[in-house]
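What follows is a single structure, written as structure tokens, with notes after it.
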Number of protein chains: 2
Amino acid sequence: MTTSSQRQTAPAGELDDRVALRLRQGGVRYTGGRRRVVRSLAAVEGPMSAAELTERLDESVPLSSLYRSLTVLAGAGVLDRSHDASGVARFELSEWLGGHHHHLVCLECGAVDDVDLNEADEEALSTIASRVAVSKSFTEVGHRIDIEGICSKCS
Amino acid sequence: MTTSSQRQTAPAGELDDRVALRLRQGGVRYTGGRRRVVRSLAAVEGPMSAAELTERLDESVPLSSLYRSLTVLAGAGVLDRSHDASGVARFELSEWLGGHHHHLVCLECGAVDDVDLNEADEEALSTIASRVAVSKSFTEVGHRIDIEGICSKCS
DNA sequence: TTCCTTGCAAACGATTTGCATTGGA
DNA sequence: TCCAATGCAAATCGTTTGCAAGGAA
């Protein structure tokens with residue numbers, strides 16, 4: 001359930017500023033607990049579960065509080081929530097913070113790796129996605145390819 | 001949580017035969033209950049939850065039995081399990097039975113619609129996916145685009 | 001003071017499992 | 001006959017919520 005990759009990472013301070021602004025606009029505080037959650041997620045690649053997050057946060061945060069932070073952050077659009085193969089919720093920075101990317105999902109160990117496409121591929125994909133959306137009278141908000149298979153560790 | 005679309009549907013009998021063979025090879029029986037599940041899923045577009053399935057199966061099947069059927073069928077590779085926005089499991093025929101397709105996910109009502117790509121787009125997408133997989137030493141088993149947005153009913 | 005946030009414990013809901021019964025090859 | 005499949009009820013487990021205490025504006 002670990003992950004690795006490379007991605008353009010903005011300075012930590014700038015990240016905090018952007019999140020703080022967003023939360024303020026939503027009328028909620030950017031408290032220490034929420035800040036720790038955001039920083040933890042910014043430090044890893046791939047979405048994390050609440051359980052994994054508590055391990056990373058040395059100071060033991062009660063799960064209920066953690067879930068509340070995650071819920072608030074997701075509601076404010078700071079985090080994206082998805083679900084792994086076993087249905088457990090996983091969180092990652094939203095695209096406007098963490099960048100647009102896709103997922104490699106290992107069917108063996110469940111690890112999720114982030115990948116960026118080169119510009120040409122990304123554009124080709126976006127074109128396909130928006131064409132489909134239009135043909136179905138669907139208002140596209142985003143798209144993502146999930147590539148399923150077996151990661152190098154498991155094969 | 002409903003859905004609509006078009007897709008090549010094989011004759012019901014042939015579907016049963018293919019599933020029966022697969023299950024026999026896996027050493028499990030193709031019982032009446034399992035047959036009803038498979039037929040229900042073949043009759044709709046988009047993945048269904050266990051709860052939705054019980055409604056469709058007039059004869060009231062206990063949830064526990066239904067879940068056992070779904071687990072067996074997914075384990076045998078007859079069904080694919082995914083999860084909706086709230087983490088509830090949804091099942092659909094595996095691609096070798098139901099055909100390769102992609103999903104339009106409505107962020108408002110949660111409906112999932114199936115979409116087929118034209119040959120050219122599908123090939124372009126496959127090429128991108130396999131190129132990514134290779135570059136990450138990942139053994140690709142499959143891929144799918146999820147297009148998120150607002151469906152025509154909700155907008 | 002006034003709300004928002006946090007802890008703790010209890011409540012929830014989807015899914016799973018133990019066990020006894022039923023049913024098909 | 002014999003083992004897989006099924007029902008029912010109880011158990012799990014991730015996640016949510018009620019309520020009282022703590023904190024920031």
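Residue numbering restarts at 1 for every chain, and letters A, B, ... go by the order of the sequence lines. Values below: every heavy atom of this structure, side chains too, minus hydrogens, waters and symmetry copies. Please read these numbers as outputs of a predicted model, since none were measured by experiment.
- Residue B:Leu70 contributes atom CG, which lies 14 Å from atom C1' of D:dT6 at whole-angstrom precision.
- As judged by a 4.0 angstrom heavy-atom cut-off over every strand, B:Val28 is placed among residues touching the sugar-phosphate backbone only.
- Counting any heavy atom pair closer than 4.0 Å across all strands shown, A:Arg34 reaches sugar-phosphate atoms only and no base atom.
- Among the atoms of the strands shown, only primed sugar atoms or phosphate atoms (P, OP1, OP2) are found under 4.0 Å from some heavy atom of A:Ala89.
- No more than 12 heavy atoms of other residues, nucleotides or ligands sit less than 6.0 Å from atom CD of B:Glu123.
- Each of B:Arg81 and A:Ser65 was matched to the nucleotide of DNA chain C holding its nearest heavy atom; the match closer to the 5' end belongs to A:Ser65.
- Nearest to the side-chain atoms of A:Ser69 among the listed nucleotides D:dA5, C:dC4, C:dT6 stands C:dT6.
- Out of C:dG7, C:dT5, D:dT16, the shortest distance to the side chain of A:Arg68 is found at C:dG7.
- Checking C:dA14, D:dT16, C:dT16 against the side-chain heavy atoms of A:Ser64 singles out D:dT16 as nearest.
- Expressed to the nearest 0.5 Å, how far CZ of A:Arg90 lies from CD of A:Glu92 amounts to 10.0 Å.
- Look at CG on A:Leu73: it is 10 Å from P on C:dT5, rounded to the nearest Å.
- The 5' end of DNA chain D is approached more closely, in terms of each residue's nearest nucleotide, by B:Gly27 than by the other of A:Val88 and B:Gly27.
- Under a cutoff of 6.0 Å and an axis angle of 45°, A:Arg35 and A:Tyr30 form a cation-pi pair.
- One atom, CG of B:Leu66, and another, C1' of C:dT17, lie 16 Å apart when rounded to the nearest Å.
- The residue among A:Val61 and B:Gly87 whose nearest nucleotide of DNA chain C lies closer to the 5′ end is A:Val61.
- Between A:His102 and A:Asp114, the side chains place no donor N or O within less than 3.5 Å of an acceptor N or O (distance only, hydrogens not considered).
- Nucleotide D:dA24 holds its C1' atom 13 Å from the CZ atom of A:Arg35, rounded to whole Å.
- At whole-Å resolution of the value, CZ in B:Arg29 and P in C:dA25 are 7 Å apart.
- A sub-4.0 Å separation between OP1 or OP2 of C:dT6 and a side-chain N or O of A:Thr31 is present.
- A donor-acceptor pair shorter than 3.5 Å cannot be found between the side chains of B:Glu122 and B:His101.
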